[in-house]
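One structure is given below, encoded as structure tokens.
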Amino acid sequence: MKKYEEILDRMHFIIGSTLMDNNIGRQGIGNIEPVAETEILRTNRRTYMELKVMMMRLERALYG
């Protein structure tokens, strides 16, 4: 697998897991209490920064 494919796979996983975490956090499924919206936003900011770094790595892998 090429480097850019690995980066894309990682990005796909992060986006999907973040969406699921946000959904579960808002609903509070099972014994889990709903998470405050401020906490969800904080984790989303961290995910956004991770994705920005991965985009820079992807550009470097694709264009050198």
Side-chain angles (χ1 to χ4, degrees):
M1 186 180 297
K2 295 184 180 179
K3 184 68 175 172
Y4 74 90
E5 291 173 330
E6 293 174 11
I7 295 170
L8 286 174
D9 285 345
R10 211 171 329 140
M11 290 173 73
H12 180 262
F13 174 77
I14 288 175
I15 292 169
S17 62
T18 300
L19 290 173
M20 288 189 297
D21 289 347
N22 288 348
N23 187 37
I24 291 171
R26 284 187 178 105
Q27 292 179 359
I29 297 173
N31 295 340
I32 301 170
E33 294 290 322
V35 178
E37 194 69 25
T38 55
E39 181 67 21
I40 292 172
L41 289 175
R42 186 183 66 77
T43 59
N44 286 347
R45 283 188 200 105
R46 184 178 59 222
T47 301
Y48 173 75
M49 291 307 296
E50 290 174 9
L51 288 171
K52 279 186 76 167
V53 169
M54 285 186 197
M55 282 299 295
M56 289 187 288
R57 290 180 181 157
L58 181 62
E59 288 176 354
R60 185 176 42 172
L62 289 173
Y63 304 117

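Here the structure is a predicted model, which is why all the values come from computation and not from measurement.
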Rounded at 0.5 Å granularity, tell me how far [atom1] in [X] sits from [atom2] in [Y].
X	Y	atom1	atom2	value
Y4	M11	OH	CE	14.0 Å
Y63	L58	OH	CG	8.0 Å
E37	E39	CD	CD	10.5 Å
E6	R57	CD	CZ	12.0 Å
R46	R42	CZ	CZ	5.5 Å

- Over all atoms of both residues, closest heavy-atom pair of R26 and P34: O-CB, 3.8 Å
- Query: Heavy atoms, side chains only, cut-off 4.5 Å: are V53 and M56 in contact?
  - Reply: yes
Treat each ILVMFWY residue as a node, draw an edge where side-chain heavy atoms are under 4.5 Å apart, and state whether [X] and [Y] are in one component.
X	Y	result
Y48	L8	no
I7	I15	yes
V35	I24	no

- Residues in side chain to side chain contact (heavy atoms under 4.5 Å, CB included) contact with T18, at least two apart in sequence or another chain: I14, N22, N44, T47
- Listed by chain and number, what are the side chain to side chain contact (heavy atoms under 4.5 Å, CB included) partners of E33, not counting sequence neighbours? none
- Please answer whether the main-chain N or O of K2 pairs with a side-chain N or O of E5 as donor and acceptor at a distance below 3.5 Å. yes
